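Structure first, commentary second.
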Amino acid sequence: MRYAVISDLHANESALRRVLADAGKRGVDKVVCLGDVVGYGPLPEETVALARASCAVVLAGNHDDAVSGRGDASSFIDLAGDAVGRHRETLSRGSLDWLRSLPYACEFDGAAAAHGDLVDPPKFYYVENADDAGENFRATDAKLLFVGHTHVPALFVVGRSGTPLQAPPQDFTLEEHKRYIVNPGSVGYPRESNGECRSSYAIYDSKAGTVTFHYLPFSVSSVMQRGAAPKRVRKGVLAAAAVLIAAVAAAVAWLFAPASGVAEPADADLVVERRELRLDGKCSKVRANLKLERGSAPVMLRLRYADADGKTVLEDPPDSVKSSSAKAFKVPAGAASVEFTVSRVSPGEEPRISSFAPAAD
Ligand code: ZN
């Protein structure tokens with residue numbers, strides 16, 4: 001049986017169509033979707049309909065849970081948070097019920113799958129490094145694990161040594177005594193990786209025992225919003241939490257919340273990644289837990305603390321990070337959340353983040 005394993009469609013119907021057509025040409029029998037059917041993109045209802053019609057299994061992603069009301073959307077960055085409200089208003093009752101009913105994990109043909117991780121699927125942790133991979137290998141007996149959520153294709157392998165390793169995503173044949181974690185990347189909202197931004201998915205051929213990665217051109221405009229402005233827009237915020245999508249050849253394009261309508265700050269095109277962390281009032285320190293890949297360009301790390309209304313309490317001066325930062329930053333009084341922004345130092349230099357997991361001390 002040949003399975004196309006797809007993930008993170010993000011309401012991008014045209015990208016999904018393209019991937020399904022490509023998988024069809026490659027003789028795929030069944031499509032397994034690792035979740036995040038909605039969130040971010042322009043066409044949630046159409047994408048839900050197409051996923052329902054074409055996938056044998058669809059798992060729940062964190063955006064699906066947030067939009068359907070089953071999960072919590074409070075930790076979402078602005079761009080994603082705005083899409084939650086917009087998608088909830090756009091989607092039919094039937095689609096919302098369907099999203100709410102999606103399973104968090106599944107097993108098929110010797111493989112196990114979940115949106116974020118297999119240790120605790122409803123929590124949507126990320127598998128970002130060899131340690132995370134190790135915990136996932138311990139959480140299931142499956143030889144082959146599929147996860148999405150990061151929007152970046154990835155591969156982890158563990159063999160007789162028992163030490164999991166991260167390998168560059170590559171086509172492979174399943175070997176005896178080895179186990180694998182495959183992240184197929186994102187269909188509808190790929191993140192830039194190694195200077196490229198493409199839709200991607202994987203094909204698992206259970207009879208041949210092979211996994212192959214497939215990449216397709218991705219059009220930035222396909223995730224841009226269409227139609228009227230959403231009703232729910234946070235005032236005063238440069239809905240800035242845009243996620244960077246770089247076209248090939250380092251031409252950089254930006255996606256904004258549709259109604260932001262404002263010119264972005266000049267340094268916005270330097271932003272690589274943004275994460276927001278809610279604070280419970282008791283924690284006194286936070287850490288970015290940021291690690292760059294070996295050979296990556298350096299980045300600037302900035303922290304902005306906001307109160308419960310989203311007003312800035314304090315902005316730390318940018319910190320230069322060459323390889324990693326586990327530094328503890330003191331939380332100012334009155335801060336209810338902190339936003340970590342990673343920016344490139346100059347537009348030409350491409351930083352590569354290996355992990356970024358802000359946490360409170
Ligand atoms: Zn996603």
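Numbers here are sequence positions counted from 1. This one's a predicted model, so the numbers in the text were calculated from it and none came from an experiment. Start at 1 and go down the list; that is how both ligands and their atoms are numbered.
The residue from Phe172, Phe137, Phe156 that alone fulfils the ring pair (Phe, Tyr, Trp, His ring centres under 6.0 Å) condition with Tyr180 is Phe172.
Relative orientation of the Phe356 and Phe340 rings is perpendicular, given thresholds of 30° and 60° on the angle between their planes. In this structure, Tyr189 and His10 have perpendicular ring planes: the angle between them is above 60°, well past the 30° mark. Taking the six-membered ring where the residue is Trp, Tyr204 and Tyr3 present parallel rings, their angle staying beneath 30° rather than reaching 60°.
Side chain of Arg287 to main chain of Lys327: no donor-acceptor pair is present (N/O by atom type, distance under 3.5 Å, no hydrogens or angles).
The nearest pair of heavy atoms linking His87 to Gly41 is NE2-O, 2.8 Å.
Within the protein, the N, O or S atoms sitting under 2.8 Å from the Zn ion (ligand 1) are Asp8 OD1, His10 NE2, Asp36 OD2, His151 NE2.
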